[in-house]
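Residue numbers run from 1 in the order of the sequence given. Note that these values count all heavy atoms, side chains included, but never hydrogens, waters or copies made by symmetry.
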Amino acid sequence: MDSQGSKDFKNPLGPPSMTRTGGVKNYLPSQKTVKGIVAGGFTGALEICITFPTEYVKTQLQLSEKSVSPRYAGIVDCVKQTVKSHGVKGLYRGLSVLLYGSIPKVGVRFGTFEQLKSKAIDERGNLAPVNRLLCGLGAGVMEAIIAVTPMETIKVKFINDQQAAQPKFKGFSHGVREIIRTQGIRGTYQGLVPTMLKQGSNQAMRFFVVETLKDWYRGGDPNKKVNTFVTGGFGAVAGAISVFGNNPMDVVKTRLQGLEAHRYRGTWDCIVKIAKNEGFAAFYKGTVPRLSRVCLDVGITFAIYDIVMEQFNKIWKT
């Protein structure tokens, strides 16, 4: 790293300093961080209601393992069979799980990013490229631990349960109680490691791409406003890049969180068995529906977040 790059770099993951006047307050989230959490929560609720059907189809295709007679012939067939058997509402099976989880997930993501960013920006308010990656990585890992892993595990079990002739889960509360009763709290934290890897890499790529494109659009001026639709477009690009970058880990995560998770001894065992029994192509199952969902998801998320934060900034001064 050159001398200029060394000056620009600040470790956003380093411990906060203790001062006589600051004391413990330095360890508490800033007002901007709290604002980011609240704005992220609003954003998460709106986004998941729009994009859930594509998430449902993606998960169904990933759970449909290679066989002589595949359950679904493709995306359209999956939608047709689901609507025929369960009606249109079948495409929203598991929505409540994601809705309950999406609010804290997106809130933690943006709140953590705002906190780390506030520690890493330079005197002009700009974020160096390496810090865009690190702040996004930290945000992804934090959301994986606090919200994504239990939320995704329960969601996958709900969708997987619907494939049975006689589903066991009668609703969100009943399903969660059954999972905890039969598998304990550990049953809601299956696939933690691949989820941390997935979310960490996801957010590292997404925040890096969005922040880099925003910086290019503003010409280095952090105070220049970026059009909402432009932000949405930047988010869609970031989403596409992240899909191709870590779809294999998404497949592994889904398998480890499904009702057949007992077939695998862990992350590495799952990777080996998929590669051995189904081939490399299996790691890219569900890519097309995931691509459409993620591009829409990430674009909407960044666009809505900017809109919400703009409104918050008018009434919530920090």
Transitively linked via ILVMFWY side-chain contacts under 4.5 Å: Val251 with Leu256?
-> yes
Tell me, please, which residues at least two apart from Glu211 pass salt bridge (charged side-chain N to carboxylate O under 4.0 Å, His left out).
-> Lys117
Is it the case that Asn313 and Lys35 place a side-chain donor and acceptor less than 3.5 Å from each other?
-> yes
So, for Ile48 and Ser102, which heavy atoms are closest and what is the spacing to 0.1 Å?
-> CB-OG, 3.9 Å
Take Leu296 and Thr54, measure what side chain to side chain contact (heavy atoms under 4.5 Å, CB included) needs, and give me the verdict at the end.
-> CA-CA 10 Å; Leu296 183 63; Thr54 53; 5.8 Å; no
Phe169, CZ: over 12 other non-hydrogen atoms inside 6.0 angstrom | yes
List the steps, then state whether side chain to side chain contact (heavy atoms under 4.5 Å, CB included) holds for Tyr189 with Gln183.
-> CA-CA 10 Å; Tyr189 263 88; Gln183 302 174 34; over 6 Å; no
Verify the cluster assignment for Val237 and Phe234: are they in a single hydrophobic cluster under the rule of side-chain heavy atoms below 4.5 Å apart?
-> yes
Is there a chain of hydrophobic side chains (I, L, V, M, F, W, Y, each step under 4.5 Å between heavy atoms) that links Val226 to Phe208?
-> yes
Has Met249 got more than 12 heavy atoms of other residues, nucleotides or ligands less than 6.0 Å from its CE?
-> yes
What class does the angle between the rings of Phe207 and Phe110 fall in, given that below 30° is parallel, 30 to 60° is tilted and above 60° is perpendicular?
-> perpendicular
Is it the case that more than 12 heavy atoms not belonging to Lys168 sit under 6.0 Å from its NZ atom?
-> no
Does the side chain of Ser201 come under 3.5 Å of the side chain of Asn246 through a donor N or O and an acceptor N or O?
-> yes
Within the side chain of Thr112, is there an N or O that forms a donor-acceptor pair under 3.5 Å with the backbone of Arg109?
-> no
Following the transitive rule for hydrophobic clusters with a side-chain heavy-atom cut-off under 4.5 Å over Ile, Leu, Val, Met, Phe, Trp and Tyr, establish whether Tyr305 and Val230 coincide in one cluster.
-> no
For Gly187 and Thr153, the nearest pair of non-hydrogen atoms, with its separation, is O-CG2, 3.1 Å
For Glu143 and Lys105, run salt bridge (charged side-chain N to carboxylate O under 4.0 Å, His left out): C-alpha distance rounded to whole Å, both residues' side-chain angles, the deciding distance at 0.1 Å, then the answer.
-> CA-CA 5 Å; Glu143 72 173 353; Lys105 177 185 77 171; 5.7 Å; no
With the 4.5 Å side-chain cut-off for hydrophobic clustering, are Met205 and Phe244 part of the same group?
-> no
Ignoring hydrogens and angles, tell me if any N or O in the side chain of Lys273 forms a donor-acceptor pair with the backbone of Arg263 under 3.5 Å.
-> yes
Please identify each residue that fulfils side chain to side chain contact (heavy atoms under 4.5 Å, CB included) with Val210, with sequence neighbours left out.
-> Lys214, Ala238, Phe302
Taking Arg124 for its side chain and Asp221 for its backbone only, find out whether a donor-acceptor pair lies under 3.5 Å.
-> no
Arg93 CZ to Thr82 OG1 distance, which is reported to the nearest 0.5 Å | 11.5 Å
Determine whether more than 12 heavy atoms belonging to other residues, nucleotides or ligands lie under 6.0 Å from atom CZ of Arg186.
-> no
Between Trp316 and Gln31, is a side chain to side chain donor-acceptor pair (under 3.5 Å) present by the stated rule, with each step listed?
-> CA-CA 9 Å; Trp316 187 347; Gln31 282 287 308; 3.0 Å; yes
What do you reckon, is NZ of Lys224 surrounded by more than 12 foreign heavy atoms closer than 6.0 Å?
-> yes
